[in-house]
Engineer: 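Please see the structure below; I have some questions.
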There are 2 protein chains.
Amino acid sequence: MTETVTAAGTSTGSKSEQAYAAVKARIIDGTYSPGYRLVLAKIAEDLGVSVVPVREAIRRLEAEGLVKFERNVGATVSGIDPTEYLYTMQTLSIVEGAATALSAPLIDSVAIARARAVNEEMRECLHHFDPVRFTQLNQDFHSVLFEHCPNPHILDLVHRGWNRLASLRSSTFRFVPGRAHQSVDEHEALLRLIEIGASADDIEKAARLHRSATLDAYLAAATDHQTPQTAQQ
Amino acid sequence: MTETVTAAGTSTGSKSEQAYAAVKARIIDGTYSPGYRLVLAKIAEDLGVSVVPVREAIRRLEAEGLVKFERNVGATVSGIDPTEYLYTMQTLSIVEGAATALSAPLIDSVAIARARAVNEEMRECLHHFDPVRFTQLNQDFHSVLFEHCPNPHILDLVHRGWNRLASLRSSTFRFVPGRAHQSVDEHEALLRLIEIGASADDIEKAARLHRSATLDAYLAAATDHQTPQTAQQ
DNA sequence: GAGTACGAAATCGTATACGAAAACTATTGC
DNA sequence: GCAATAGTTTTCGTATACGATTTCGTACTC
């Protein structure tokens with residue numbers, strides 16, 4: 001299924017796979033920003049393959065929500081519609097909550113220690129103001145929590161959400177220091193809950209709130225600065 | 001996105017779409033049962049199109065989990081691995097729970113009445129022993145609840161889960177009368193909760209348990225008949 | 001001068017064709 | 001009699017080609 005967020009250019013052999021990884025990487029790193037028109041022939045030429053595998057790759061990305069495809073018109077990188085963002089975050093809140101609750105009983109002290117180390121490094125990043133690394137570490141943190149998640153389907157949904165966010169992040173993500181501090185504290189609190197063997201319900205609730213708080217911060221920031229900027233495309 | 005479970009043969013025009021709908025329908029109605037080998041050329045001939053759109057359709061079905069695709073080997077209809085069933089049900093429990101909780105505040109008395117009517121008809125089906133119609137009504141019931149779900153992503157996940165189950169059902173689903181009775185009662189209880197405006201938490205919990213109970217019944221039945229298959233959750 | 005209609009260019013959708021990989025089968029050697 | 005191997009067949013993967021559809025620019029009319 002969908003592997004992780006890391007989509008390297010290294011191919012599994014299949015050109016279709018190659019094209020998929022390449023386009024996905026370009027979307028996530030922002031080379032193809034939201035609204036960008038993905039012309040099959042052009043991409044095919046860039047990658048040195050024919051249009052057939054490229055088309056397949058794009059349809060796959062469409063299924064994941066990273067691109068929007070319109071019949072007889074073409075594909076564009078999915079936009080930053082605030083509504084979509086809200087949907088994605090809400091869904092993530094739910095599946096991450098579930099993933100955390102399911103994983104919690106299986107997380108041993110070693111993993112907790114690792115997660116805590118990552119979280120402390122995140123705190124460092126706040127001092128040096130390194131949003132890029134912070135974001136990466138944030139994913140690492142949750143990856144540690146989820147690495148033993150007993151339900152791969154749920155894990156897959158989490159990864160999809162992350163990918164989706166990643167494609168938006170490059171253009172719209174605003175690093176809110178206040179929220180970031182809070183986030184690190186919430187991570188620590190979550191680890192404590194897991195350590196003391198809190199109920200699945202409590203852990204799920206905490207994990208959900210963690211994601212919801214990020215959404216709220218975004219909404220607040222958006223309202224502060226200006227009109228939410230209905231960037232439909 | 002993924003529409004509903006109903007995948008008619010009526011095309012949207014695109015042959016790829018046509019092929020997708022046709023194969024999906026055949027999987028769900030059991031014409032292509034789990035394990036069935038989907039040979040591109042053969043399907044293409046059956047549908048009177050070339051292999052390219054068929055391939056696209058199959059890849060799409062793969063993304064939805066209905067078929068399994070192996071490089072340079074081919075596609076087969078996804079199997080009935082009890083583990084997969086467990087994963088799917090667990091995931092459904094979570095997303096249905098969320099969908100119900102999110103929808104609840106938006107369900108008016110008219111919709112409640114409709115849902116209740118459907119549920120009563122389900123009760124009828126138990127007397128006449130009509131499992132097929134029962135299953136259909138069961139989906140109708142939940143569809144009524146979800147029709148105003150404010151988050152389309154979550155709704156999409158619910159539909160995917162249903163499709164997945166539908167593809168398994170044809171071969172493995174065992175209609176357990178005892179469970180069915182209980183299910184109808186749970187529906188009624190759920191409607192009551194919504195009517196009295198219970199908290200989102202309570203509604204979510206009830207909806208989750210509703211799905212989990214079905215899973216448990218399946219596991220119990222499976223254990224009775226033969227070897228179990230661990231179910232952590 | 002603005003709006004509409006027509007035509008050209010761009011792009012998609014799908015058919016066909018061929019090379020490559022895997023699966024199957026028959027044959028040979030032990 | 002069984003196992004390994006070579007050859008054949010099936011099926012996939014992708015390139016190329018062409019028809020269909022949309023879009024954009026231009027000229028024409030009111």
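Everything quoted here is computed from the prediction, not taken from an experiment.
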Engineer: Could I get the full list of side-chain hydrogen bond (donor to acceptor under 3.5 Å, both in side chains) partners for A:Arg37, not counting sequence neighbours?
Structural biologist: none
Engineer: Using a 4.0 Å cut-off on protein heavy atoms (strictly under), produce a 5'-to-3' string for nucleotides 11-22 of chain D with B for base contact, S for backbone-only sugar-phosphate contact, and - for none.
Structural biologist: SSSSBB----SS
Engineer: Return the set of residues passing salt bridge (charged side-chain N to carboxylate O under 4.0 Å, His left out) with B:Arg179 (not counting sequence neighbours), or none when no residue passes.
Structural biologist: B:Glu186
Engineer: Partners of A:Phe69 by ring pair (Phe, Tyr, Trp, His ring centres under 6.0 Å), sequence neighbours excluded?
Structural biologist: none
Engineer: Can you name the residues that form a salt bridge (charged side-chain N to carboxylate O under 4.0 Å, His left out) with A:Arg55, not counting sequence neighbours?
Structural biologist: B:Glu56
Engineer: Can you list every pair that meets side chain to side chain donor-acceptor pair (under 3.5 Å) and has a residue in residues 94-103 of chain A, with sequence neighbours left out?
Structural biologist: A:Glu96-A:Trp162, A:Glu96-A:Arg211
Engineer: Would you mind reading off the distance between A:Glu45 atom CD and C:dA10 atom P, rounded to a whole angstrom?
Structural biologist: 14 Å
